[in-house]
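Here's the structure, in structure tokens; my notes come after.
Every chain is numbered from 1, with letters handed out A, B, ... down the list of sequences. What you see below is based on every heavy atom in this structure, not just the backbone, and it leaves out hydrogens, waters and symmetry mates.
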Protein chains: 2
Amino acid sequence: MKLREVITEDQKKFARYAKAMGHPIRMYILDTLSKQSCCYSGDLSEVLPIAKSTLSQHLKELKDAGLIQGETEAPKIKYCLNRENWKEARNFYQKFLGD
Amino acid sequence: MKLREVITEDQKKFARYAKAMGHPIRMYILDTLSKQSCCYSGDLSEVLPIAKSTLSQHLKELKDAGLIQGETEAPKIKYCLNRENWKEARNFYQKFLGD
DNA sequence: ATCTTTGTTCGTATTTTTACGAATAACGAA
DNA sequence: TTCGTTATTCGTAAAAATACGAACAAAGAT
């Protein structure tokens, strides 16, 4: 017998997005990508005071959450926002945060 | 000698807000508070499938992040959104997520 | 085929988050 | 003062997040 579920799918989905945004480094990455169309891991690595492997992890988190996407352009990988989900997030948080 | 800081204060601040929103339970609480003016911990406790102490922890996180505020109304505590910061968050995420 | 460049994955350590029940605190009511 | 109600704090355990360097993978250049 399953407990009545009080948390909606939307609440879960947008908690997930928020969680992905919930780290300064990831916020920086998203901010950067929202201002220029795309960038490479190396561009970020040059400027961010963290190990490359750590940066990769953050990029993976953002990708897994659906906020960015990566396209191989060997030997580089070009990262861009996932525009579709980004839009979805915008619509939700706009409504959520108020009128 | 201090490294040049690449992460802005805004990125840190709004990463903090996002982090607070980054859990389904906390998303539920914020959603509830955004739809009705206020509520008591007990109201939430009745409906959420978690221990009261866990709920208290989540409320504390939201309070520490500045997204809600609690007012004693003994022996209860009335929780409401922190409207000022809520507004600040709205403005930021609106700009951040796009035009 | 080997080297170089670009990033990721692996292994691991540390810190933080999440969760619970028991104990405690605050305060009004009896 | 003692009791009941409402929540928080404490102590603790388990899971997840964060970070690093070393090892590895992929593909173009030599």
Note: B:K76-B:E73 ion pair, threshold 4.0 Å (strictly below): no
Of A:A51 and B:P75, the one whose closest nucleotide on DNA chain D sits nearer the 5' end is B:P75
Review point. Do B:F96 and A:W86 have their ring centres less than 6.0 Å from each other?
Key: yes
Across the strands shown, which category fits B:S53 at heavy-atom distances under 4.0 angstrom: base, sugar-phosphate, nothing? base
Separation of D:dT18 atom P from A:K60 atom NZ, nearest Å, is 14 Å
By the 4.0 Å heavy-atom rule, please label A:L55 as base, sugar-phosphate, or nothing. nothing
Here the distance between atom P of C:dT24 and atom NZ of B:K52, to the nearest Å, is 18 Å
note: A:I77, atom CD1; C:dT9, atom P; distance rounded to Å ~ 8 Å
message = So, OP1 or OP2 of C:dT17: does either fall under 4.0 Å of a side-chain N or O from B:H58?
response = no
note: B:H23, atom NE2; D:dA16, atom C1'; distance rounded to Å ~ 11 Å
Review point. Is it true that A:K13 and A:E88 have a side-chain N and a carboxylate O under 4.0 angstrom from each other?
Key: yes
Note to self: For D:dT8 and B:Y79 - does any side-chain N or O of the residue sit under 4.0 Å from the phosphate oxygens OP1/OP2?
What the structure shows: yes
A:A89 and B:L97 have their tightest heavy-atom pair at O-CD1, 4.1 Å
B:K76 atom NZ is separated from D:dG4 atom P, nearest whole Å, by 19 Å
Sorted by number, residues from residues 24-40 of chain B placing a heavy atom under 4.0 Å from DNA chain C are B:R26
Criterion salt bridge (charged side-chain N to carboxylate O under 4.0 Å, His left out) on B:K87 and B:E84, from CA distance to verdict: CA-CA 5 Å; B:K87 197 167 159 186; B:E84 189 177 348; over 6 Å; no
Rounded to whole Å, CD1 of A:I68 lies from C1' of C:dT8 at a distance of 13 Å
**Asked** Is A:Q57 side chain donor-acceptor paired with the D:dA19 base, going by distance under 3.5 Å alone?
**Response** yes
Closest to the side chain of B:S56, out of D:dT18, C:dC20, D:dT9, is D:dT9
Worksheet item: With a 4.0 Å cut-off on heavy atoms, is A:T54 in touch with a base, just the backbone sugar-phosphate, or nothing at all?
Response: base
Review point. Are A:K19 and D:dA17 close enough that a side-chain N or O sits under 4.0 Å from OP1 or OP2?
Key: yes
Taken to the nearest whole Å, NZ/B:K78 to C1'/C:dC27 is 17 Å
Is the ring pair B:H58/B:H23 parallel, tilted or perpendicular, if the boundaries are 30 and 60 degrees?
tilted
Rounded to whole Å, CG of A:L48 lies from P of D:dA19 at a distance of 11 Å
Of all heavy-atom pairs linking A:Y79 and A:I68, the shortest is CD2-CD1, 3.7 Å
